[in-house]
Structure formats: structure tokens, C-alpha cells
Amino acid sequence: MSIELQKSTQFKINELVILTKAGSIDISTIYEEISIFDSLFSPVISGSILIKDSIGLSGRLVFDGSESLLIDIAKDENSDVASYKKSFRIYKQANRINEGLNSETYTLNFVSDELIFSDQQRINQAYENVYTQVVLRILEEYLKVPKKDLNGFYENTFGVRRIVIPNLRPFEAIDWCTKRSVDIKNSPNYLFYQNIAGYNFISLSSLLTKEDILEIKFQAKNLSGSDAFSEISTARSFEVVAQNDMIEKTRSGVNAGRFIGFDPITRSVASKTISFADHYTAMKHGNKNPNFSVVQNREGQSNETTFNARKSVSIFGSGRQLSNYIKSRDPSSLSKVDDRENYLFQRKAIFANLMSKRIRVTMPGNFQLSSGFNVTVNAPYFGIKEPGSDNDDVSLSGKYIIVGTRHIIGFDKHETIIEVATTSTDNPVIPVSNPSQTSQALNYA
């Protein structure tokens, strides 16, 4: 592992080439800015490149979706860390603007080639397997994903399911499977995404407990004696995107809610209450305590028990476990039924809880900062501090997962903007509201 830094935002373009019908064209001298995006909630990596063209490239080429973009960028010429090498399909030319008589600017939008291939086909097929194996078969058999792009994380789901993919594009089919997948604790927290390692199909619970790849610091840069890794781990700026949205948590069922199910075969109806503890304790988390506050409403009811805050109504199959007719004639179906009562309500609550605490951090360019990896954030405390007291803001500091990344490579610097989120906190105290707060507010005149 070696890296030589003159400054933390430096980079070296080894190759930046457009593959066209007529051959390859080097655009490393005419680009203005490259942006590359990945996200936990996107199946593919995408991006855009702004070009200032004074050689008539756009006039000679017809950008019709057949062109590919080859990107090979490293931190320095001999670096074997924080490098990026990948090919993309250019799918759109946009914002073409004349800049005088001799040049023009335009944007080329690019995406992983598998998305284009996915949009050109449909899946109508029955499977009887765990969802993980169904996803892998779609990636290999329909999308023909190269083995080098299958090096991400994969985790087996719980339970063999008998399913029929209902005329969906491959990526739509994978998303359909992802939303129905549960782990061994029946927690529906699976994710499918592409990052620097390749495609991934894994539970949020497993991701949150993996080791962090970087400890983000907030301190002065370019200090005497500081090394390269200290420089690239120091944040340039940060912004608290969200910390606790009471309305969103209530409406998404994070605090509490109810699932109402009906089975048209057994003609049974059932209701299931779901509290914050039900979906939170079914997962593992990165920090000690939950992002949760106990708040009482004007009737003295805790937000943990307001089960009418959100309701999900759907067909379900649990009632069939009590049917002697099904047990005697089709017993194998009982273990392969689509268990909507385990995922339909809980999945939205789980990810709303994750996104309720987010920080956006601007870092020196680093391609290793990619969605799905964990970082530790030591957020600074703003305010008057006692001599010798800790400088960390305990309400923000802790272990976070990267939910989205944008790499911005300009003419002379590379910066990485990451959005990180967490389901938990190292704050040792779970806040509990005081009933007198509500009383004072209601009686205020």
C-alpha cells in the first residue's frame, strides 16, 4: 500500500476515453467536471461529465447510446489505494450550449451498462428458492454481469419461497425480491445496490455491524507532521441534513402502527400491532442506543403505543397454518407462502428510521468512500466548553453507514461528498418527555 500526496484533493487520470463506432477518443484534456454517484437505494452507479469542446467532437459524433466511457483515476500515479477503474454506457447528451464561435459545452450522462440491458428485456418466470439465489440467477442469467462485478456482499435470506416474477425488467424483479426478503429474525431490511466493490445483496443489519473503513475527523488541515491518511480522513465541511423528524417518524410507522391482514382462501382476518421495539430489536446496530425519544401526547399516551398512527392493509397467509384442509392437501405451501405481515409495514419503518438521522460530509477525494461502508464520525461540539471537557457532540458522533456518495473531479481537485445515516446513537440517555411540557403548552395564552 503506497500513496504520495502533495495535497489531499489531488488525483491522477490514467485514462478517460470514449469508445465510439469509429474508435476511442481521449477526452482527458477537454473535460470540465466529472460527477459519479452511488447509493444504497440505487441498483447501479451513474454520473455525468461536463465537456468543453473546441475540436468539434459533438459535431463528428452522434451520441446515440452506443458509446462507452472508460474511467481510470487514482490518487497519484503509483497509487494502489483509493483508485477507480470502471466502464459505463453514455446514454444521453444534454445541455449543449454554444460558447462563442469556436467552442461549446455539453453534458454526457452515463450509467452502468446493466441498466440499459435490463430495460431491454422482461422476466416471466417461476422460482422456488431463497430470494438471494433468485437475485444471483437474475444477475448471471439475464443481466450477464461479469464475475468481477459480483464481488460485493451477499447474504442468504430466510425461508424458501415459491414466487412468480410478474413480467418485470430484471432490475425491477430484483427490487421486487428485495422488498420481500427477510432475515432469520423476520426483519425485512435487505438492500440491493452497486458500489465500488460491485453488486451487493445484503441486510442493513449486517452492514451496520461491519467494521468502519475510516474515522472522520474535524480538525485543521496541512498540519506539520501529518501523514497522507490523516489528511484524507479530515473533513472539509459537514451539514446535518436531518436529526429527528417527529412527523415523518409518526407517519412512516417508526414509533408504532398496525398491520391488518385478510386471507381470501381461509376467509380469516387478523390484526397485528407493531411498536418501535418490534422492528428495532429484530436488527443489529452500530451504536449502543436507539435513535428514539419517548414522547407523550395530550392524552398522556406514549408514541410507542399510538398504533393508529399508520396502518397497512394487505392479504396475508399466516391464517393458513390453522387450516386442516391445507395441511392435509398442500402442506409444503405453508412454509413457502409470501409472509406480508413480516415486511409490508416494517420495511418502511426501518428505512424511515435510518434516514431520520443523516449528515452530509465533504471529504478529500477518496473512491473507497462508497455506499454500504461504515465510517466513524467525531462531530465537533459547538459552544462554550469547560476546560478539559470532550470536544465531541455526543448527539451526532458515532458509527454511520454511507447511504450515498458523489465524487466530484474538477480540473484541479477531487472531492467526495458522502451522506451518512444511522439507526442508533452513542448518547447514553434515551430522552423522555415531561408531561408538564404538554400541559404548559396547552394552557399558554
Side-chain angles (χ1 to χ4, degrees), residues 9-20 24-53 57-58 61 63-75 82-97 105-119 143 145-146 148-149 151-152 171 191-200 360-373 402-420:
T9 59
Q10 74 180 49
F11 64 95
K12 173 69 168 64
I13 294 181
N14 297 319
E15 189 171 38
L16 188 62
V17 167
I18 295 178
L19 293 180
T20 72
S24 61
I25 300 174
D26 183 0
I27 59 170
S28 60
T29 59
I30 64 173
Y31 86 93
E32 293 282 302
E33 182 178 279
I34 306 170
S35 293
I36 303 173
F37 307 92
D38 62 59
S39 170
L40 277 184
F41 307 106
S42 174
V44 293
I45 298 173
S46 61
S48 63
I49 179 167
L50 176 63
I51 291 178
K52 187 170 184 178
D53 183 3
L57 178 64
S58 184
L61 297 177
F63 289 105
D64 58 4
S66 65
E67 295 82 11
S68 295
L69 177 67
L70 307 183
I71 298 178
D72 183 359
I73 303 176
K75 202 65 182 169
S83 60
Y84 194 85
K85 186 175 182 180
K86 184 170 173 57
S87 65
F88 296 94
R89 178 76 73 88
I90 297 171
Y91 68 91
K92 182 173 70 171
Q93 181 185 26
N95 303 322
R96 189 174 175 183
I97 302 172
T105 61
Y106 49 85
T107 301
L108 298 178
N109 298 96
F110 56 85
V111 71
S112 297
D113 185 69
E114 288 83 10
L115 181 62
I116 307 296
F117 193 33
S118 175
D119 285 350
L143 295 176
V145 175
K148 65 181 177 62
D149 290 328
N151 292 326
F171 276 132
L191 291 157
F192 175 79
Y193 60 97
Q194 185 184 26
N195 64 3
I196 190 172
Y199 289 101
N200 303 263
R360 186 176 297 125
V361 187
T362 302
M363 300 289 296
N366 184 353
F367 284 114
Q368 289 181 316
L369 295 174
S370 190
S371 295
F373 294 109
I402 301 174
V403 297
T405 302
R406 178 186 179 188
H407 297 282
I408 304 174
I409 302 146
F411 177 73
D412 60 351
K413 68 178 179 179
H414 171 200
E415 290 188 326
T416 301
I417 301 174
I418 58 173
E419 192 161 297
V420 298

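The residues of the chain are indexed from 1 along the displayed sequence. As the structure is a computational prediction, the values presented were derived from the model and not from experiment.
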Q: State which residues pass side chain to side chain donor-acceptor pair (under 3.5 Å) with Y106; sequence neighbours excluded, sorted by chain then number.
A: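 In terms of side chain to side chain donor-acceptor pair (under 3.5 Å), with neighbours along the sequence ignored, Y106 is linked to D53.
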**Q.** Residues in side chain to side chain donor-acceptor pair (under 3.5 Å) contact with E419, at least two apart in sequence or another chain
**A.**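 Counting only residues at least two positions away or on another chain, E419 forms a side chain to side chain donor-acceptor pair (under 3.5 Å) with R358, R360.
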Q | Minimum side-chain heavy-atom gap M363-L369 below 4.5 Å | A |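 SC-SC contact between M363 and L369 confirmed.
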**Q.** Min side-chain heavy-atom separation S118-L143 under 4.5 Å
**A.**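 Heavy-atom side-chain distance check passes, below 4.5 Å.
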Q. Run the side-chain contact (heavy atoms from CB on, under 4.5 Å) check on I49 and I71 step by step: do they pass?
A. CA-CA 11 Å; I49 179 167; I71 298 178; over 6 Å; no
Do the side chain of [X] and the main chain of [Y] share a donor and acceptor less than 3.5 angstrom apart?
{"X": "T416", "Y": "N366", "answer": "yes"}
{"X": "S24", "Y": "V17", "answer": "no"}
{"X": "D113", "Y": "V111", "answer": "no"}
{"X": "D119", "Y": "I116", "answer": "no"}
{"X": "D38", "Y": "S371", "answer": "yes"}

Which residues pass the side-chain contact (heavy atoms from CB on, under 4.5 Å) test with [X], not counting sequence neighbours?
{"X": "S35", "answer": "E33, F37, S48, R406, I408"}
{"X": "D64", "answer": "K21, V62, S66, E67"}
{"X": "K85", "answer": "D72"}
{"X": "S39", "answer": "F41, S42"}

Rounded to the nearest 0.5 Å, what separation is found between the [atom1] atom of [X] and the [atom2] atom of [Y]?
{"X": "F373", "Y": "I418", "atom1": "CZ", "atom2": "CD1", "answer": "12.5 Å"}
{"X": "I409", "Y": "F367", "atom1": "CD1", "atom2": "CZ", "answer": "4.0 Å"}
{"X": "I36", "Y": "H414", "atom1": "CD1", "atom2": "NE2", "answer": "7.0 Å"}
{"X": "N95", "Y": "L108", "atom1": "CG", "atom2": "CG", "answer": "10.5 Å"}
{"X": "F171", "Y": "E114", "atom1": "CZ", "atom2": "CD", "answer": "6.0 Å"}
{"X": "F411", "Y": "Y31", "atom1": "CZ", "atom2": "OH", "answer": "7.5 Å"}

(Q) I'd like to know if the side chain of S112 pairs up with that of Q194 as donor and acceptor (distance under 3.5 Å, no hydrogens or angles considered). (A)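 Yes, a side-chain donor-acceptor pair sits under 3.5 Å.
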Q. Considering residues, nucleotides and ligands other than K12, do more than 12 of their heavy atoms fall under 6.0 Å from its NZ?
A.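 Yes.
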Q | Residue of the set I18, N14, L19, L16 for which side-chain contact (heavy atoms from CB on, under 4.5 Å) holds with L70 | A |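 Going through I18, N14, L19, L16 one by one, the side-chain contact (heavy atoms from CB on, under 4.5 Å) with L70 is satisfied by L19 alone.
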Q. When the ring planes of Y199 and F192 are compared, do they come out parallel, tilted or perpendicular, using 30° and 60° as the limits?
A.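 Parallel, since the angle between the ring planes stays under 30°.
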Q: Taking all non-hydrogen atoms of both residues into account, name the closest pair between I13 and S28 and its distance.
A: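 Heavy atoms of I13 and S28 come nearest at CG2-CB, 4.2 Å.
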Q. Taking all non-hydrogen atoms of both residues, which atom of K75 and which atom of P364 are closest, and how far apart?
A.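 Looking at all heavy atoms of both residues, the closest pair is NZ-C, 4.4 Å.
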Q.
Using a 6.0 Å distance limit plus a 45 degree cone around the ring axis, check whether K86 lies over the aromatic ring of F88.
A.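 K86 over F88 ring: yes.
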Q: Test I196 against T405 for side-chain contact (heavy atoms from CB on, under 4.5 Å), laying out the working first.
A: CA-CA 11 Å; I196 190 172; T405 302; over 6 Å; no
